[in-house]
Number of protein chains: 2
Amino acid sequence: MAKHEPDLSLLFHALADPTRRSILTRLARGPAPVTELANPTGLRLPTVMRHLSVLEAAGLIATSKDGRVRSCAIVPEALAPVRTWLDEQREIWEGRLDRMDEYVMKLMEERAK
Amino acid sequence: MAKHEPDLSLLFHALADPTRRSILTRLARGPAPVTELANPTGLRLPTVMRHLSVLEAAGLIATSKDGRVRSCAIVPEALAPVRTWLDEQREIWEGRLDRMDEYVMKLMEERAK
DNA sequence: ATGTTAGTTAGCCGCATGGCTAAACATGAA
DNA sequence: TTCATGTTTAGCCATGCGGCTAACTAACAT
């Protein structure tokens with residue numbers, strides 16, 4: 001399925017990992033350098049680096065280097081497409097419920113005749 | 001990172017694939033048998049089956065067999081944890097903004113002395 | 001009973017992912 | 001300059017993923 005929203009796939013994939021989610025949650029409280037992010041994970045730095053680049057590729061975080069320390073910060077708008085997708089999904093589903101209501105109504109009218 | 005929410009990982013991972021998302025969108029309009037779901041994807045049945053089991057494992061769809069045809073239906077509540085996580089995330093972020101406001105206020109008070 | 005249709009299972013293939021170590025940079029401190 | 005610190009790069013390994021074919025089962029239709 002060649003799809004038009006690679007963003008969504010990147011986003012969902014980035015969010016699918018507990019380590020990455022915990023990094024995000026940590027970052028939601030404020031920017032932090034790489035090593036500080038690595039500490040609570042118990043993982044080695046290169047591993048954490050890769051998680052960070054996945055997050056950055058998905059647009060969920062932004063990083064900048066000051067001296068020799070790289071600071072990471074969350075990009076809160078990045079979650080918008082996810083939210084939008086969820087809303088669309090719910091809308092379609094509710095549309096379906098509405099149509100089901102109509103259908104039931106029609107049935108009841110039929111029966112009332 | 002041993003995490004306490006395997007659901008979230010399963011959910012996000014299930015949603016990370018365009019084929020699976022399109023199947024979900026299709027199902028949001030009403031239940032459908034496997035072959036009907038497979039048709040628009042251009043993929044072989046076993047492949048689609050695997051996608052379906054990923055979706056089912058994540059609790060996003062439910063299936064039932066009637067005769068020799070298996071009908072798949074969406075489970076709309078399944079997206080709730082995702083929505084909840086997004087909301088929590090946003091809350092933390094906004095909390096951070098609030099604290100930043102406080103901080104700025106404090107700074108201004110200091111300066112006013 | 002025989003064929004057709006709808007799923008299912010088994011197993012192969014290539015690539016991506018998530019972990020690691022070891023070695024290389026780059027910068028700030030002594 | 002030399003050393004310590006904070007990444008960064010390269011490369012290895014096992015596992016998992018997404019695609020396939022081929023072969024098997026389970027209903028329904030003739």
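Nucleotide D:dT21 holds its C1' atom 14 Å from the CG atom of B:Leu43, rounded to whole Å. Per the geometry, CG belonging to A:Leu37 stands 13 Å off C1' belonging to D:dG6, to the nearest Å. Straight-line distance from the CE atom of B:Met49 to the P atom of D:dA23: 19 Å, rounded to whole Å. We find that CZ of A:Arg50 is positioned 9 Å from P of C:dG19, with the value rounded to whole Å. Rounded to an integer number of Å, the gap from CG of B:Leu45 to P of D:dG18 is 17 Å. In this structure, B:Leu52 atom CG and C:dA6 atom P are separated by 16 Å, rounded to whole Å. Residue B:Glu36 contributes atom CD, which lies 17 Å from atom P of C:dT5 at whole-angstrom precision.
For B:Thr19, counting side-chain heavy atoms from C-beta on, the closest listed nucleotide (D:dT9, C:dG19, D:dG19) is D:dG19. In this structure, the nucleotide among C:dG19, D:dT8, D:dG18 sitting nearest to the side chain of B:His51 is D:dG18. Distances from the side chain of A:His13 to the nucleotides D:dA22, C:dT17, D:dG18 place C:dT17 closest. Distances from the side chain of A:Val69 to the nucleotides C:dA10, C:dG19, D:dG6 place D:dG6 closest.
A salt bridge is defined here as a Lys NZ or Arg NE, NH1 or NH2 lying under 4.0 Å from an Asp or Glu carboxylate O, and B:Asp17 with B:Arg50 fails to meet this definition.
A donor-acceptor distance shorter than 3.5 angstrom exists from the side chain of B:Arg21 to the backbone of B:Leu15, with no hydrogens or angles considered.
With rounding to the nearest 0.5 Å, the separation of CG in B:Leu11 from CG in B:Leu60 is 5.0 Å. Here the CD1 atom belonging to B:Ile23 is positioned 9.5 Å from the OG1 atom belonging to B:Thr25, to the nearest 0.5 angstrom.
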Could you pull out the protein-nucleic contacts involving nucleotides 26-30 of chain D (nitrogen or oxygen on both sides, under 3.5 Å)?
unit_1	atom_1	unit_2	atom_2	d
D:dA27	N3	B:Arg68	NH1	3.0

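Two residues, A:Arg44 and A:Arg20, neighbour DNA chain C, and the one matched to the more 5' nucleotide by heavy-atom proximity is A:Arg20. Nearest-nucleotide positions on DNA chain D for A:Thr35 and B:Thr47 put A:Thr35 closer to the 5' end.
Side-chain contact between A:Trp85 and B:Val82: absent, with no pair of heavy atoms (C-beta onward) separated by less than 4.5 Å. Contact check for B:Ser71 versus B:Asp66: no side-chain heavy atoms found under the 4.5 Å cut-off.
Among the protein residues, B:Pro33 comes within range of the sugar-phosphate backbone only, with heavy atoms under 4.0 Å from sugar or phosphate atoms but none that close to a base.
Closest non-hydrogen pair, A:Leu8 versus A:Pro81, comes out as CD2-O, 3.9 Å.
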